[in-house]
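Reviewing the structure listed below.
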Amino acid sequence: MESRIKKQKTCYIYTRVSTAIQIDGYSLEAQKEKLYKEAEHRGYKVIGEYSDEGHSGKNIKGRPDFQRMLDDIRTSKEKPDYVYVFKLSRFGRNAADTLSALQYLEDYGVSLLCVEDSIDSAGAAGKLLIAVYAAVAEAERENIHTQTMAGRWQKAKEGGWNGGFAPYGYKLENGELKIADDEAELIRTIYEMYLNNNYGMNGIAKRLNERGFKKKIRNNANTDRIGNSFVKAVLDNPVYAGYLPYGRRRNEKIVGTRNEYHIVKQDSYEMYEGKHEAIVSKEQWEQVRKKREKTGRANEKRFSLEHSHILSGILKCPVCGSSMYGNVNRKKRQDGSGYYPDIWYYVCKNRIKVSGVQCYFTKYVRQDDVNSEIIGIVRELFNTDNVNELFAKDFLSENLDIKKLQDEMDELSDRRRKINGKKTKLLNKIADMDADDPLYDQMYDNYNGLIKGFMNEIADLDGQIEEVKTNIECNGARRESVENLKNLISDMWAHFEGLSEENVKAFLNSFIDEVHILEEPEVINGRNYWVKSIRFKVPLSMPNNEKADTFEVEHRFQPKEGHVETVVLMSR
């Protein structure tokens, strides 16, 4: 009997190194060499190679090539039989993610082989071992993290620099901090100005820039001008007094997530005596620290507690386009009986030159003028009668009909189920075929060709189903948000008169993105009209059936009526 040549099995290989494990035996090249040899030994053909360099195994999201490999397994017409990895820890160090990814592979008929660990997921024993090894790998990762942080703490305790950019005023030489003479003078000047004057951060930055001081552009800085944030960072950094802080920031897990973390500044931290030379004295540092404790806290509001700058942040300067913020003119009565009524204004944040280019729009825009104007325009637009017609019809059209999309997905899923059934029947026929039948080879090739065709159709349908599913999720969320906004607007207008200014601010911010004003107000009947255009967060429909999110505002005086008619014109 002639021996028959079976179809060669295929595999992907995946390699990974983190920045902490780029050593012999674990390097990318060493892993690849081992995996290629194993594939050759087992008679497998490598049809895909994936590698993540400098990426931790703590989660899957942070490894782009791993994600690409999973996508290829889902979409590729020629799916591999196996994924080869050097060790299970290269596949993942988080138990939940590892087992989830393994299940994903198995859903597409792909097994996992961990060469160094001698684990094959194709068998029940292999799956059990992977679950055990994954838990061990996660514990090992946590142990590595603990040991690393212990090492960093010990180095700080001994006065050594723990890495990263050298603070401004210092340079790194052989891993140690050395004073950079061309930068240190600016640090000393900032400390002297803060201690010997009553300047705040803005005041120090402004005077340094006026005196021609420049800071060197290095690391991630993109300007040589001195800003208040730079001054604050200098005054709050104990490194300049010869100390080494440890634990100023901590990597903390985001509540409600599995493997997502963020950096959180700590209120208290440890400080150790550093080996580096100080730029300012410890006495200066202590004086600055005590003064910062008194003056560095946020100012508490003491006057007009019920007042809120309702357009703060969304009102834009007509010259530089920056946000405008609230300010107040508060004067004491000459007889000492208290204060005159407050007059509130909006001002451009760049009217005071601290860093960058100073804006020449220095006008104080009265809040009562522009606030009432905006409320009048919005009230006219969003009155109860037309609020349902105002939102762009595209949000509620058949194109976004979730039921229609759901029907399409059901149809695609049904087609996939039928094709998969045909494929399964053919596989059963091949299994029942008599290998000694003279027509075996011809029938095998015919069936195999049909199966490949079915698999290609299934892969295409999987892609279509995923696309429709994404559309359902996105459109459903968008439609729901628009419906919620419509209900909110209708409900808020019904109770608008009783709202506090803080609630009015939240209400307007929920659907207004930006308000642009004129450089000079249009004066009608002695009243100033500032608003030029309003940009909304959701596209709106107008009577001409066009849609837009930005509206130009024009004012026309009507002598007979004795009031101003606000006309809102659409702008694309």
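Please read all numbers here as calculations on a predicted model, not as lab measurements. The figures here come from the full heavy-atom set of this structure, side chains too, leaving out hydrogens, waters and symmetry mates.
Shown here are the salt bridge (Lys or Arg N to Asp or Glu O under 4.0 Å) partners of D414, two or more places apart in sequence or in another chain: R417, K418. In terms of the salt bridge (Lys or Arg N to Asp or Glu O under 4.0 Å) criterion, D71 has no residue partners (sequence neighbours excluded). Listed by chain and residue number, Y168 satisfy the ring pair (Phe, Tyr, Trp, His ring centres under 6.0 Å) test with F230 (two or more places apart in sequence, or in another chain). Considering only residues two or more places apart in sequence or on other chains, S121 meets the side-chain hydrogen bond (donor to acceptor under 3.5 Å, both in side chains) condition with none of them. Y14 meets the side-chain hydrogen bond (donor to acceptor under 3.5 Å, both in side chains) test with D52, R63; sequence neighbours excluded. Taking the ring pair (Phe, Tyr, Trp, His ring centres under 6.0 Å) definition, one finds that H276 meets it with Y170, sequence neighbours left out. Applying the side chain to side chain contact (heavy atoms under 4.5 Å, CB included) test to A122 and every residue at least two apart in sequence or in another chain returns Y82, S111, D120. In this view, S322 and N350 satisfy the side-chain hydrogen bond (donor to acceptor under 3.5 Å, both in side chains) rule, not counting sequence neighbours. Partners of K79 under the side chain to side chain contact (heavy atoms under 4.5 Å, CB included) rule, at least two apart in sequence or in another chain, are Y108. Scanning for side-chain hydrogen bond (donor to acceptor under 3.5 Å, both in side chains) contacts around D181 gives an empty result, with sequence neighbours left out. Partners of Q103 under the side chain to side chain contact (heavy atoms under 4.5 Å, CB included) rule, at least two apart in sequence or in another chain, are E106, D107.
Within the 4.5 Å cutoff, side-chain heavy atoms of I279 are placed close to those of I179. At least one side-chain heavy atom of Y240 sits less than 4.5 Å from a side-chain heavy atom of P167. Looking at I512 and V515, their side chains come closer than 4.5 Å, going by heavy atoms from C-beta outward. With a 4.5 Å cut-off on side-chain heavy atoms, I73 and V83 count as touching.
Checked options T10, L105, V46; the residue passing with P80 is T10 (criterion: side-chain contact (heavy atoms from CB on, under 4.5 Å)). Checked against Y50 for a side chain to side chain donor-acceptor pair (under 3.5 Å), the options D65, D72, T15 give a single hit: D72.
With respect to E183 and K216, a salt bridge is recorded, a charged nitrogen being found less than 4.0 Å from a carboxylate O.
From Q31, atom CD reaches atom CD of E116 across 10.0 Å, with rounding to the nearest 0.5 Å. Taken to the nearest 0.5 Å, the CE atom of M201 stands 11.0 Å off from the OG atom of S229. Considering NZ of K9 and CD1 of I47, their distance stands at 13.0 Å, rounded to 0.5 Å. Note: D81 CG to Y12 OH = 11.0 Å, rounded to the nearest 0.5 Å. Separating the CD1 atom in I314 from the CZ atom in R535 is a distance of 11.5 Å, to the nearest 0.5 Å. Atoms NZ and CG, from K232 and N237 in turn, are 11.0 Å apart once rounded to the nearest 0.5 Å.
Counting heavy atoms of neighbouring residues, nucleotides and ligands inside a 6.0 Å radius, atom NZ of K214 exceeds 12 of them. The environment of K34 atom NZ is sparse: at most 12 non-hydrogen atoms of other residues, nucleotides or ligands sit within 6.0 angstrom.
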With a 3.5 Å cut-off and sequence neighbours excluded, list the donor-acceptor pairs that the side chains of residues 35-42 form with protein atoms.
from: Y36; atom 1: OH; to: E49; atom 2: OE1; distance (Å): 2.7
from: K37; atom 1: NZ; to: E33; atom 2: OE2; distance (Å): 3.3
from: E38; atom 1: OE2; to: R42; atom 2: NE; distance (Å): 2.7

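Considering all non-hydrogen atoms of both residues, K316 and G321 come closest at CD-O, 3.7 Å. Nearest approach of C114 to K87, heavy atoms of both residues: CB-C, 4.4 Å. Closest approach of R90 to V17, counting heavy atoms only: NH1-CA, 4.0 Å. Closest non-hydrogen pair, G242 versus A278, comes out as N-CB, 3.6 Å. Closest heavy-atom contact between L172 and A166: CG-CB, 3.9 Å. Residue L186 comes nearest to K215 through the heavy atom pair CD2-CB, 3.9 Å, listed as atom of the first residue, atom of the second, then distance.
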Q.
I'd like to know whether I534 forms a side-chain contact (heavy atoms from CB on, under 4.5 Å) with D513, so could you lay out the CA-CA distance, the side-chain angles of the two residues, the decisive distance to 0.1 Å, and finally the verdict.
A. CA-CA 8 Å; I534 305 174; D513 192 22; over 6 Å; no
Q: Under the side-chain contact (heavy atoms from CB on, under 4.5 Å) rule, what do F86 and R16 come out as? Steps first, then yes or no, please.
A: CA-CA 9 Å; F86 181 64; R16 180 185 66 81; over 6 Å; no
(Q) Run the side-chain contact (heavy atoms from CB on, under 4.5 Å) test on V85 and L113 for me, step by step, so that the C-alpha distance in whole Å, both residues' side-chain angles and the decisive distance to 0.1 Å come before the verdict. (A) CA-CA 6 Å; V85 294; L113 179 69; over 6 Å; no
Q | Working for side-chain contact (heavy atoms from CB on, under 4.5 Å), residues Y243 and E273 | A | CA-CA 5 Å; Y243 295 113; E273 194 72 33; 3.9 Å; yes
